[in-house]
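Keep in mind that the numbers below use all heavy atoms, side chains included, and drop hydrogens, waters and symmetry copies. If you read the sequence from its start, that first residue is 1, and numbering goes on from there.
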Amino acid sequence: MNSVDLSGLASKLRADVKASIESRVFKICEDALRKSVMATVYSGKPVMYHRTYELLNAVSIDNVSIGHSSATFEIIIDPNKMSVYPPTKTDWGIHSSIGGSDFREGLIGVLDQGSSSPMYSHPAHGFFDKAESGLESKIVKAMVADLKANGWDATFI
């Protein structure tokens, strides 16, 4: 009677899936959000403000939890990766309120969800929702390719 030791099979599969998530899936998600921000926030010509493109550099993965049977994480724009420049006599502040206080976190929300403030109205760009469109298929295809590259028989259905 022949026997095959399968004890390391599950841990190898988990390690390969985790590696795919950390190397490829995170990058796909960050790229999708950056592309969405470029197509929405940075489309057209600015009229009243100076573009820093810091929103693109602030795209991050946060709250990562990779367990035995599931992985969760958030694709965010980290306001702490953006600078704050107070207004001057001739220019608006950058990522700051009119009074000069830090408005990085609020700015991300206003740009994504819109604003109808009496001081300044802004339409919603919805870049988070737009980034999510088609993302699941891209993630699964990338993971299938990674698993195949590691010798697994994986199929995208």
Side-chain angles (χ1 to χ4, degrees), residues 10-85 92-98 101-157:
S11 62
K12 171 73 172 126
L13 178 58
R14 273 194 289 282
D16 288 346
V17 168
K18 181 179 179 186
S20 178
I21 290 169
E22 291 173 341
S23 66
R24 221 117 153 237
V25 171
F26 288 173
K27 182 175 180 353
I28 288 168
C29 293
E30 288 172 334
D31 288 349
L33 184 53
R34 283 187 187 102
K35 183 178 177 182
S36 182
V37 167
M38 277 301 295
T40 57
V41 175
Y42 295 124
S43 66
K45 185 177 179 182
V47 179
M48 299 177 65
Y49 56 91
H50 171 73
R51 288 185 170 164
T52 65
Y53 293 90
E54 288 185 23
L55 281 173
L56 300 174
N57 296 328
V59 172
S60 301
I61 301 295
D62 197 20
N63 296 322
V64 176
S65 174
I66 302 175
H68 287 292
S69 61
S70 67
T72 59
F73 57 91
E74 295 176 356
I75 311 156
I76 66 163
I77 297 178
D78 184 351
N80 296 314
K81 291 184 176 183
M82 297 165 49
S83 302
V84 178
Y85 303 96
W92 288 56
I94 298 173
H95 310 138
S96 64
S97 69
I98 291 176
S101 62
D102 185 345
F103 190 62
R104 294 174 295 180
E105 191 168 337
L107 179 64
I108 294 165
V110 165
L111 290 174
D112 184 52
Q113 299 161 11
S115 166
S116 59
S117 162
M119 189 82 120
Y120 180 72
S121 291
H122 193 282
H125 286 300
F127 47 79
F128 282 110
D129 289 340
K130 289 174 183 168
E132 191 177 344
S133 177
L135 199 53
E136 184 175 341
S137 172
K138 290 177 188 174
I139 289 170
V140 172
K141 286 178 182 177
M143 290 184 73
V144 165
D146 285 351
L147 290 173
K148 282 183 175 183
N150 285 313
W152 296 97
D153 184 15
T155 306
F156 177 72
I157 300 175

A.B. asks: Which value, rounded to the nearest 0.5 Å, describes the distance between Asp112 atom CG and Asp129 atom CG?
C.D. replies: 6.5 Å
A.B. asks: How far does CE of Met82 sit from CZ of Phe103, to the nearest 0.5 angstrom?
C.D. replies: 10.0 Å
A.B. asks: Side chains of Leu147 and Ser20: closer than 4.5 Å at any heavy-atom pair?
C.D. replies: no
A.B. asks: When rounded to the nearest 0.5 angstrom, what distance separates NZ in Lys148 from CG in Asp16?
C.D. replies: 15.0 Å
A.B. asks: Would Lys35 and Asp31 pass as an ion pair if we require N to O under 4.0 Å?
C.D. replies: no
A.B. asks: Can you establish whether the number of heavy atoms outside Lys18 located under 6.0 Å from its atom NZ is more than 12?
C.D. replies: no
A.B. asks: Ser43 and Arg51: which non-hydrogen atoms are nearest, and at how many Å?
C.D. replies: O-NH2, 3.2 Å
A.B. asks: Let me confirm one number: the CE-CZ distance from Met143 to Phe156, rounded to the nearest 0.5 Å.
C.D. replies: 12.5 Å
A.B. asks: Could you tell me whether the side chain of Leu111 reaches within less than 4.5 Å of the side chain of Ile77, counting heavy atoms only?
C.D. replies: no
A.B. asks: Tabulate below the donor-acceptor pairs under 3.5 Å that side-chain atoms of residues 54-76 make, not counting sequence neighbours, or state none.
C.D. replies:
{"from": "Glu54", "atom 1": "OE1", "to": "Ser83", "atom 2": "N", "distance (Å)": "2.5"}
{"from": "Ser60", "atom 1": "OG", "to": "Ala58", "atom 2": "O", "distance (Å)": "3.2"}
{"from": "Ser60", "atom 1": "OG", "to": "Lys81", "atom 2": "NZ", "distance (Å)": "2.8"}
{"from": "Asn63", "atom 1": "ND2", "to": "Glu74", "atom 2": "OE1", "distance (Å)": "2.9"}
{"from": "Asn63", "atom 1": "ND2", "to": "Glu74", "atom 2": "OE2", "distance (Å)": "3.4"}
{"from": "His68", "atom 1": "ND1", "to": "Arg14", "atom 2": "NE", "distance (Å)": "2.8"}

A.B. asks: Within this structure, what is the CZ-NZ distance for the pair Arg24 and Lys138, rounded to the nearest 0.5 Å?
C.D. replies: 12.5 Å
A.B. asks: Only one of Val140, Leu33, Ile28 clears side chain to side chain contact (heavy atoms under 4.5 Å, CB included) with Leu135; which?
C.D. replies: Ile28
A.B. asks: Using only atom types and a distance under 3.5 Å, with no angle test, would you say the side chain of Arg104 pairs donor to acceptor with the backbone of Val84?
C.D. replies: no
A.B. asks: How far apart are the C-alpha atoms of Ile108 and Phe128, what are their side-chain angles, what is the distance that settles it, and do they pass the side-chain contact (heavy atoms from CB on, under 4.5 Å) test?
C.D. replies: CA-CA 10 Å; Ile108 294 165; Phe128 282 110; 4.2 Å; yes
